[in-house]
Amino acid sequence: MASEPTTAPPPTDSTNHGLRVVVGWIVLSSIATPLVAIYVGPLIPPGNASVQGQGQVFDNQVMTSLITPILCLMAVFFGYGLVKFHAKRNAAILDGPPIRNDARIQILWIVITMTMVLFLAGFGTYELLKDGAGGGQGPNPIAFPPHHQSAMQVQVIGQQWQFTYRYPSLGGLESNQLYLPANTDVELHVTSLDVIHSFWAVELGVKADANPGVDNIAFVQTKSPTTFHVRCAELCGLWHGYMYNNGYVVTASEFHAWAAQQTKLYAAIKPYMDRPGDKGGAPYARSYLPAPGGGPPPVRAG
Ligand SMILES: [Cu+2]
């Protein structure tokens, strides 16, 4: 025998459940949000090793602080519902009357979510543009950090399976070690000799695709001396997993000492340096084309 769906009578108790949920939400949020902002946000990578990295940590702090009240609302709402409205053991399962077209909730929901999304879009855009954000911007960047005109240029050349760093201001010195002076604006020109790689200087908050024939520019402003990790973040072949290294931010005098030592070492191998289409002591080019043994010449810039 088919039974009619059972519908519970409208609630008769005068308890204001909505008010209880709101009060519980406000109490939980006002405890949890500062704790998250102070203790959780700053722990999220990449850390404070560069101005761009510091900016990313701040952004993470803002984002986690904003989502904490939303998580608290969900937790209180579910918790309250589970405790207050769960079916009693062995009782018939009843369904309450449907609630439709509550204009207040609909408007409130649309206004709150739209405000948050628009605010975060504006905030994210501003933060991206402020310091160059540490990401690769292609050959024609639109977001410059302050003082970028005096930035030290370093070219990052990816190849299977290592990065080489080229310093045009040091006579085109090339090294497989990335040394950067402290408190300095650096303009990274990221490219590749062969396949696509991704240059990721983890703690500096820098990540830029390394593509053959492309000059991908990323900005970073170093802070105090530190050691950071460099990894390739694009699956680039058999030994991709071994394409990592340490980089160093050092004092100005340490940087000059390192540059002098590397210049001596580099002088011995420079005549044998081999770039596609340009054998032997290749001049500085901001990008290279993958044309070993022929093909079009490398793209020249300046
Ligand atoms: Cu790679």
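Whatever order the structure lists ligands and atoms in, that order sets their numbers, starting from 1.
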Problem - Thr184 (side chain) donor-acceptor with Ala182 (main chain) under 3.5 angstrom - result: yes
Handout entry: ring-ring contact (aromatic ring centres under 6.0 Å, His included) involving His17 - partner list, sequence neighbours excluded
Key = Tyr80, Phe85
Exercise for the section: Verify side chain to side chain contact (heavy atoms under 4.5 Å, CB included) between Thr15 and Arg20, making sure each step is shown before the conclusion. Expected result: CA-CA 9 Å; Thr15 315; Arg20 285 184 175 185; 3.3 Å; yes
Donor-acceptor contacts, no H, no angles, side chain residues 236-246, under 3.5 Å, sequence neighbours left out:
from, atom 1, to, atom 2, distance (Å)
His240, ND1, Glu234, O, 2.9
Asn245, ND2, Asn176, O, 3.0

Exercise for the section: Hey, can you tell me if Tyr179 and Tyr248 have their rings parallel, tilted or perpendicular (30° and 60° cut-offs)? Expected result: tilted
Completion exercise
Across all chains, not counting sequence neighbours, the side chain to side chain contact (heavy atoms under 4.5 Å, CB included) partners of Ser175 are Gln177, Trp258, Gln262
Exercise for the section: Identify which protein N/O/S atoms are less than 2.8 Å from the Cu ion (ligand 1). Expected result: His197 ND1, Cys232 SG, Cys236 SG, Met243 SD
